[in-house]
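Here it is, the structure in full.
For the numbers below, each heavy atom of this structure counts, side chains included, while hydrogens, waters and symmetry mates do not. Model, not experiment: these values are computed from the prediction.
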Amino acid sequence: MLRLKKRSEFLAAARGVRLSRRGFVLQAIRRMPEDEKPARVGYTVTKKVGNAVIRNRVKRRLREMARLFGPEHLDAGWDYVLIGRYGALHLPFDSLCADFRGCARDLAAGKTDRMRPSPLRSGSRKHPSGSSAPRQKSV
């Protein structure tokens with residue numbers, strides 16, 4: 001199984017589908033339809049989870065989970081990003097792996113979390129007061 005390493009690959013996967021579980025969030029996107037190379041997986045853990053020691057421990061658990069079950073559950077031609085949560089540190093490894101297998105099964109069946117609304121594009125931003133234009137002071 002190959003790894004995602006470039007920021008652009010992580011950003012591309014963020015545009016795809018996402019599934020949330022107790023210990024991680026899985027983001028997935030299909031590469032070009034004719035691309036049947038093995039699945040690629042990227043791992044990330046935000047600073048909200050803890051210090052570097054804790055983040056690395058969560059990442060190690062996610063990597064081992066993907067190493068054991070990725071080849072049989074992740075489809076070729078897809079890019080996946082596993083975003084670690086604090087729960088991944090305290091869940092039993094068997095539960096974490098069961099969540100991963102269920103997540104891969106749901107993804108293959110087309111069951112995904114609702115997509116988050118896209119951020120507002122330029123030209124359609126609202127002012128923090130709720131109106132579309134800033135308020136004018138009356139003199």
Could you grab the distance from atom SG of Cys103 to atom CE of Met65, nearest 0.5 Å is fine?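 Interatomic distance, Cys103 SG to Met65 CE, rounded to 0.5 Å: 8.5 Å.
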
Could you pull out the closest heavy-atom pair between Ala66 and Pro71, with the gap in Å?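 In this case the closest contact between Ala66 and Pro71 is O-CD, 3.6 Å.
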
Decide yes or no on side chain to side chain contact (heavy atoms under 4.5 Å, CB included) for Phe24 and Arg85, but give the supporting numbers first. CA-CA 5 Å; Phe24 60 90; Arg85 290 183 167 173; 5.5 Å; no

As a quick check of understanding, evaluate side chain to side chain contact (heavy atoms under 4.5 Å, CB included) for Arg3 and Val41, giving each step before the final call. CA-CA 5 Å; Arg3 296 255 325 254; Val41 182; over 6 Å; no

Hey, any chance Leu26 and Leu2 share a hydrophobic cluster, counting ILVMFWY side chains that come within less than 4.5 Å of each other, even indirectly?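 No; tracing contacts between hydrophobic side chains, which count when under 4.5 Å, never links both residues.
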
Please, which pairs that meet side chain to side chain donor-acceptor pair (under 3.5 Å) have at least one residue in residues 59-82, sequence neighbours excluded?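 As it turns out, the side chain to side chain donor-acceptor pair (under 3.5 Å) pairs with a partner in residues 59-82, which skip direct neighbours, are Arg31-Asp79, Arg40-Asp79, Glu64-Arg67.
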
Considering only heavy atoms from C-beta outward, does the side chain of Arg57 approach that of Val49 to under 4.5 Å?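 No; the side chains remain at least 4.5 Å from each other.
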
Step by step, work out the side chain to side chain contact (heavy atoms under 4.5 Å, CB included) result for Arg22 and Leu91. CA-CA 8 Å; Arg22 295 174 289 182; Leu91 279 173; 3.9 Å; yes

Do Leu19 and Leu107 have side chains that approach each other closer than 4.5 Å (heavy atoms only, starting at C-beta)?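 Contact flag for Leu19/Leu107 side chains = yes.
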
Checking salt bridge (charged side-chain N to carboxylate O under 4.0 Å, His left out) for the pair Asp106/Arg101: CA distance, chi angles, key distance, verdict? CA-CA 9 Å; Asp106 288 350; Arg101 289 189 301 265; over 6 Å; no

Side-chain contact test, heavy atoms from C-beta onward, threshold under 4.5 Å: evaluate it for Thr46 versus Tyr86 and give yes or no.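 No; the side chains remain at least 4.5 Å from each other.
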
Applying salt bridge (charged side-chain N to carboxylate O under 4.0 Å, His left out) to Glu9 and Arg15, what does each step give before you reach the verdict? CA-CA 10 Å; Glu9 296 168 341; Arg15 289 192 306 264; over 6 Å; no

Taking the hydrophobic residues Ile, Leu, Val, Met, Phe, Trp and Tyr, and joining any pair whose side-chain heavy atoms are under 4.5 Å apart, which ones share a cluster with Leu4?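 Once heavy-atom contacts under 4.5 Å are chained together, Leu4 belongs with Phe10, Val25, Val81, Ile83.
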
Look up atom CG in Leu62 and atom CG in Leu96, then write down how far apart they are to the nearest 0.5 Å.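 So the gap between those two atoms works out to 6.5 Å.
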
Phe100 and Leu74: side chain to side chain contact (heavy atoms under 4.5 Å, CB included), yes or no, with the steps? CA-CA 10 Å; Phe100 179 72; Leu74 300 180; 3.9 Å; yes

